[in-house]
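Reviewing the structure listed below.
Each residue takes its place number in the sequence, starting with 1. Quick caveat: nothing in here was measured; it's all calculated off a predicted structure.
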Amino acid sequence: LKARSKGEQTHAEAPDGPGCNCGVPQRRARSRAHHAVCTMAAFAPLFGDSLKGGEGDVETAASLEGKEAVGLYFASVTCKEFSAELAKAYSEALSAKGFEIVFVSCDGTEEEAGESLKDMPWLAMPFGSKAEKDALVEKYEVQEVPKLVLLGKEGEVLTVNGVSKITEDPSGEGFPWQEDQTPTLSEEEVLVRMGSVAPEPGESGLKGVFINSKNYLPLGFVTDAEESDEIPFSGFKLKPYTFIDKEKTLTEVAKMGFASDWDPYKKEIKAFAGQQLLLMFDPEKTYGEKIIMTTTEEAYNREMERIEAKRQEVMDEFLASLGIGGGGGDTAEDDEAAAEENIVVRDLPRECKEWVSETMEATRAEVSNFTVQNIRPPMQVMITRARMHFGKACKFSDSGENLQNCRPQKDPNFALQRKELEIGIQAVKEVHTCACQTTWFRPVNKSTQYSPAHFLPRDAGLGYDKVDELTEFLTAVSVSVEEALQTNETVDIFQEEFAHLGSEETGDVSKASSNLQEIRTFTDVGFTKGKRVEWIEWVPNSTDMLVSSYCENLHFCDKLENMGRVGNSSILIWSFQDSLAPHCNLVAPWEVTIFKFYPTDNKYVVGGLSSGQLAVWKLSDADLGYALREKNKKDAIEEEKTSAVPSISHKVLSIIDDSHRKAVVAIEWLPAPIELE
């Protein structure tokens with residue numbers, strides 16, 4: 001091995017400049033030049049061995065040698081405006097200051113990439129280097145173009161906001177625009193370290209408010225509505241505090257009314273002097289609810305001052321842990337303190353190991369200390385059974401059915417020692433104490449009850465003198481009540497059935513006879529037999545014309561079988577002058593459950609069908625009985641032969657798709673002034 005002379009040192013040992021850690025011995029006079037070459041060679045893994053220049057391909061290390069900074073320019077053909085601005089700044093000022101740019105095309109085709117590179121006076125990565133370009137996009141988190149990332153001599157990131165730096169400082173006075181790379185905490189990390197910021201109980205200007213959990217995300221209390229272990233503030237894990245805008249909240253209350261969470265608190269929000277209100281999460285519900293709102297400006301300023309102080313405390317602790325701002329050095333004590341702070345405690349099950357002790361006596365003493373000794377004598381129990389039951393299955397249980405009771409002995413000298421016990425049961429006017437002594441030596445259930453006189457007015461009659469009357473009444477009605485219960489009927493037990501009847505007289509006629517007799521009976525074998533009357537209406541402006549609708553009187557099972565089948569139904573017009581046959585028959589495809597006359601014109605009848613549809617019939621004066629039917633001689637002869645009832649079909653029938661789903665049960669006419677939108 002050849003010993004190095006005093007003039008030879010590795011570049012890591014050279015005091016004249018930063019080391020490159022290559023380990024190649026060089027003279028001090030040439031250390032800077034070789035260090036620049038080694039540093040620029042660090043860009044080869046990022047861009048590849050060669051780059052595309054104006055005169056063809058060039059080596060990466062040679063083209064970037066001696067540059068103060070290298071800019072990665074991510075752009076496409078759509079970024080011509082900024083590309084022109086960057087080319088002007090590069091040619092006039094930045095190139096002379098040692099700034100080189102490498103263009104990374106984000107175009108879809110090679111023709112578009114060539115169009116973008118046409119007016120660029122700098123280097124570019126080959127369009128075919130797709131793997132290197134994807135790695136750069138992922139490494140520097142390129143989400144949109146254009147983006148300019150500035151790298152130092154050793155490949156460290158100087159700034160990722162190169163676009164804004166070029167726009168603000170095109171002459172390069174602040175070049176290379178190196179930004180502070182001190183690690184910082186994100187807002188989410190700061191809130192996690194802060195923890196709860198709930199105020200102390202009894203503070204003024206604070207009010208507990210209830211907020212629906214579905215509004216946590218719009219208010220900013222969580223970052224995700226679904227709870228996740230990877231997201232600190234999600235689901236029901238709320239942030240320590242957030243803010244709401246006063247004007248937006250009042251607008252929401254005016255729009256939603258009582259459906260808004262802020263409706264009960266709109267007076268406090270309106271009276272607040274500031275523009276935004278502070279909401280704090282309190283898991284202990286100190287003020288009655290989990291969310292606390294500031295209702296005065298004084299409370300808002302007080303709580304914000306306390307929160308800012310806690311935020312500053314978190315930031316100071318974070319910087320102190322990094323050795324920044326606390327005057328920390330590289331001493332062994334600082335390293336040991338940092339190591340103690342990074343201790344990780346894990347809750348794992350204890351690992352079982354062998355029992356280790358020095359001597360056998362020590363082992364015996366330790367085992368005896370951990371052994372529970374029996375201090376009570378063991379209980380002896382003898383269980384016997386008859387010989388005839390030997391070998392049979394036996395079942396033991398803890399039930400108390402066969403327990404032997406200890407019966408009291410009849411000892412005249414026995415005295416029960418009672419102890420005083422204070423216990424509150426119920427607040428009453430007077431306390432009545434009573435005791436019950438059993439005669440027989442057996443368990444007897446007993447109860448204590450206050451006298452009814454204690455709960456009733458003293459001067460009111462208790463009705464003891466009417467007990468005999470009540471007994472006689474219950475005896476008299478017991479038979480009728482029993483019969484009513486068996487036949488499932490409703491009876492009035494206080495009414496005597498024969499009280500309204502007079503004394504029996506000669507003959508079969510009693511005094512309680514009905515004087516109501518029917519005037520007319522409207523029936524027709526062809527239309528009304530076996531059917532029930534569903535609806536009855538008088539013909540308007542007529543005293544002897546009656547209209548009624550009939551439906552099939554079927555059982556529920558028969559209705560289910562006929563459901564969906566079309567059948568004829570009738571609306572009959574009757575006349576008191578001729579009650580033997582209907583005056584007219586209005587034919588309907590379904591059963592007519594209700595019908596009404598049009599108020600303005602009585603010739604129109606609107607009927608509701610069991611299918612949910614509406615049907616309209618138009619009647620003539622003859623149909624309504626206002627005029628006689630005009631008959632010619634031939635029609636009169638035919639009518640005498642057939643004597644058929646005139647039938648009228650509906651004029652209009654509503655479409656079933658746009659009708660009701662169920663049978664029409666009521667029809668009402670709306671007043672004329674009402675307008676439907």
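A side-chain contact (heavy atoms from CB on, under 4.5 Å) with Lys239 is found for exactly one of Val222, Leu219, Thr223, namely Thr223.
Rounded to the nearest 0.5 Å, atoms NZ (Lys270) and NZ (Lys246) are 9.5 Å apart. Atom CH2 in Trp262 sits 11.5 Å away from atom CD in Glu268 (nearest 0.5 Å). Rounding to the nearest 0.5 Å places OG1 of Thr242 at 9.5 Å from CG of Leu191. Between Glu68 atom CD and Lys97 atom NZ the span is 11.5 Å, to the nearest 0.5 Å. The distance from atom CG of Asn369 to atom CZ of Arg364, rounded to the nearest 0.5 Å, is 13.0 Å. Remark: Ile292 CD1 to Leu279 CG distance equals 10.0 Å, nearest 0.5 Å.
For Glu187, the CD atom is densely surrounded, since the number of other residues' heavy atoms within 6.0 Å is greater than 12. Crowding of Lys310 atom NZ: a count of heavy atoms from other residues, nucleotides or ligands under 6.0 Å exceeding 12. The local environment of CD in Glu188 is crowded, with over 12 non-hydrogen atoms from other residues, nucleotides or ligands closer than 6.0 Å. Around the CZ atom of Phe236, the shell of radius 6.0 Å holds no more than 12 heavy atoms that belong to other residues, nucleotides or ligands. Taking a 6.0 Å sphere around CD of Glu59, one finds it holds 12 or fewer heavy atoms contributed by other residues, nucleotides or ligands. Environment of CG in Asp229: sparse, with no more than 12 heavy atoms of neighbouring residues, nucleotides or ligands closer than 6.0 Å.
Aromatic pair Tyr241/Phe281: ring centres not closer than 6.0 Å. The distance between the ring centers of Trp122 and Tyr90 falls below 6.0 angstrom.
Remark: the Asp261 side chain and the Asn212 side chain contain no N/O donor-acceptor pair separated by less than 3.5 Å. No side-chain donor-acceptor contact under 3.5 Å links Ser228 and Ser234. A donor and an acceptor atom, one from each side chain of Ser116 and Asp107, are located under 3.5 Å apart. Under 3.5 Å, the side chains of Asn301 and Glu305 contain no donor-acceptor pair of N or O atoms.
Note on Glu252 versus Lys266: no salt bridge recorded, every NZ/NE/NH1/NH2 to OD/OE distance being 4.0 Å or above. Using a cut-off of 4.0 Å between Lys/Arg side-chain N and Asp/Glu carboxylate O, Arg302 and Glu203 are scored as salt-bridged. A salt bridge is defined here as a Lys NZ or Arg NE, NH1 or NH2 lying under 4.0 Å from an Asp or Glu carboxylate O, and Glu115 with Lys118 meets this definition. Ion pairing of Glu303 with Arg306 is present here, as a side-chain N (NZ or NE/NH1/NH2) and a carboxylate O approach within less than 4.0 Å.
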Apply side-chain contact (heavy atoms from CB on, under 4.5 Å) to residues Leu123 and Tyr73 and explain how you reach the verdict. CA-CA 10 Å; Leu123 304 175; Tyr73 181 42; over 6 Å; no
Test Ser611 against Gln613 for side chain to side chain donor-acceptor pair (under 3.5 Å), laying out the working first. CA-CA 6 Å; Ser611 62; Gln613 297 173 276; 2.9 Å; yes
Could you go through Phe99 and Phe175, starting from their C-alpha distance and side-chain angles, then the distance that decides it, and tell me whether this counts as ring-ring contact (aromatic ring centres under 6.0 Å, His included)? CA-CA 9 Å; Phe99 180 49; Phe175 180 80; 5.5 Å; yes
Show your working on side-chain contact (heavy atoms from CB on, under 4.5 Å) between Met120 and Ser83 and close with a plain yes or no. CA-CA 8 Å; Met120 296 182 181; Ser83 298; 3.9 Å; yes
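Annotation: cation-pi geometry not satisfied between Lys52 and Phe127 (NZ/CZ under 6.0 angstrom from ring centroid, within 45° of ring axis).
In this structure, Leu206 and Met293 have side chains that are not in contact, with every pair of non-hydrogen atoms separated by 4.5 Å or more.
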